[in-house]
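What you see is a predicted model; the values in this text were computed from it and never measured. Note that these values count all heavy atoms, side chains included, but never hydrogens, waters or copies made by symmetry.
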Amino acid sequence: MAKRLETLFGIFLLCALGTVAAQRYPVWEWLLHYYGGKTDETPVPSMKMGNHMQMSLKANAQPGDGQRAQGIVAAAKGVVAHYADVNAALHAGYKPFHPTGRIGEEVHYTNYRYAKREQSHVDYDRPGSILYKRTPEGMVAIGVMYTAPQDSTPQQLNAVAPLSAATWHRHVDFCGGPRSLPMNDQFGPNAQFGPQGSIHTEGACKEAHGLWIAVVFGWMTHVYPNAKDPNAVWAGMDMQMDSNTDGSRL
């Protein structure tokens, strides 16, 4: 009986905290604060690109890396062909993540069941996300994204996609702003908070009364199998800093 009451109290406390947090911050930011990474330190050789992107450094090629990379690109090409019609992706359970509607934007269509499974096993024919580019003629499938846990080791990332070919990235050092802020203070190139915000240290975030999230999601790698430039097949250091920005991979 006492254990049951303790459980009920825990559920009540969690709900109460959730309600309080949601009144000040968006629920998704509050959840990421508690379930996201607590530090951007990683054993993966990496460097920061801008204020909010952490990217793996290229490793020396190992025997078999080239063959493995070719196999992954071939699988990605098959996915892009199979889901050339965005309606096929929607029918398969893929949903657009934060589209803006701008021509030229690159939108992640994510199947959250597949994405969750990728945390323990990657199925190259069923990626967690398919990448589409918005054109005047409609959405064009241009690539795929595979993911790995946020605390992955270099060996774990390399097992999914060789570090000599793939560039892995994480979104880091995010300061969420209170719900009461105008949207242009939370999103966009001139924002103080948010994924492109000028705040990128925990101290500055606390001073601004923001919600600090050291690591927003896990590791990700993009593959553009039909890119005209062979060097752009595996997104490198020149990849778009925001998934929904102008730019061409065609």
Working note: V79 + H82, criterion side chain to side chain contact (heavy atoms under 4.5 Å, CB included); need CA distance, chi angles, decisive distance, verdict.
CA-CA 5 Å; V79 171; H82 184 75; 5.7 Å; no
Check whether S56 reaches the backbone of W168 with its side chain - one donor and one acceptor, N or O, closer than 3.5 Å.
yes
Quick check for you: to the nearest 0.5 Å, what is the distance between S46 atom OG and R170 atom CZ?
7.0 Å
Are any of the side-chain heavy atoms of H200 and K48 separated by less than 4.5 Å?
no
Side chain proximity check, V223 to W234, heavy atoms < 4.5 angstrom:
yes
Non-hydrogen side-chain atoms of Y146 and I72 separated by less than 4.5 Å
yes
Same cluster (ILVMFWY, side-chain, under 4.5 Å), V172 and M49
no
Ring centres of Y94 and Y83 under 6.0 Å apart?
yes
Specify the closest pair of heavy atoms between I213 and V216, including all atoms of both residues, with the distance to one decimal.
CG2-CA, 4.0 Å
Does T221 use its side chain to pair, donor to acceptor, with the backbone of T167 at less than 3.5 Å?
yes
Would you indicate whether N87, at its atom CG, is surrounded by more than 12 heavy atoms from other residues, nucleotides or ligands within a distance under 6.0 Å?
yes
Just verifying a value: how many Å separate C205 SG and Q192 CD, rounded to the nearest 0.5 Å?
9.5 Å
Determine whether H222 and H108 make a side-chain contact, defined as any pair of heavy atoms from C-beta on separated by less than 4.5 Å.
yes
Short question: side chain of Q54, backbone of D40 - any donor-acceptor pair under 3.5 Å?
yes
When every non-hydrogen atom of V44 is compared with those of S152, the smallest separation belongs to CG2-O, 3.6 Å
Which pair of heavy atoms, one from A166 and one from A161, lies closest together, and at what distance?
CB-CB, 3.8 Å
Does E118 reach the main-chain N or O of Y114 with its side chain, forming a donor-acceptor pair under 3.5 Å?
no
Closest non-hydrogen contact found for P225 with V73 is CB-O, 3.7 Å
Heavy-atom side-chain proximity of Q155 to N158 below 4.5 angstrom
no
Treating Ile, Leu, Val, Met, Phe, Trp and Tyr as nodes and any side-chain heavy-atom pair under 4.5 angstrom as an edge, say whether V140 and M145 lie in one connected cluster.
yes
I need the minimum non-hydrogen distance between A141 and A84, along with the two atoms involved.
CB-CA, 4.2 Å
Answer whether the closest heavy-atom distance between the side chains of L90 and Y109 falls below 4.5 Å.
yes
For the pair R102 (side chain) and R134 (backbone), establish whether a donor and an acceptor sit closer than 3.5 Å, ignoring hydrogens and angles.
no
Going by heavy atoms in the side chains, are H171 and H52 under 4.5 Å from each other?
no
Search all heavy atoms of A89 against all heavy atoms of Y132 and return the closest pair with its distance.
CB-OH, 3.3 Å
Under a 3.5 Å distance rule, please check whether Q67 uses its side chain to pair with a backbone N or O of G64 as donor and acceptor.
no
More than 12 foreign heavy atoms under 6.0 Å from NZ of K206: is that the case here?
no
Could you state whether Y124 and V144 fall into the same hydrophobic cluster, counting links through intermediate Ile, Leu, Val, Met, Phe, Trp or Tyr residues with side-chain heavy atoms under 4.5 angstrom apart?
yes
To the nearest 0.5 Å, what is the distance between CD1 on I199 and CG on N51?
10.5 Å
Spell out, as yes or no, whether a donor-acceptor pair under 3.5 Å connects the side chain of D65 to the backbone of A165.
no
Look up atom NZ in K116 and atom CG in N111, then write down how far apart they are to the nearest 0.5 Å.
12.5 Å
Examine V215 and F193 and state if one hydrophobic cluster contains both, with Ile, Leu, Val, Met, Phe, Trp and Tyr joined whenever side-chain heavy atoms are less than 4.5 Å apart.
no
Out of curiosity, T39 OG1 to Q150 CD, how far, rounded to the nearest 0.5 Å?
10.5 Å
Full working for side chain to side chain contact (heavy atoms under 4.5 Å, CB included) between F217 and T147:
CA-CA 9 Å; F217 300 115; T147 61; over 6 Å; no
Would you say the side chain of E105 lies within less than 4.5 Å of the side chain of P99, judging by non-hydrogen atoms?
yes
Can you tell me how far NE2 of H209 sits from CD of E207, rounded to the nearest 0.5 angstrom?
8.0 Å
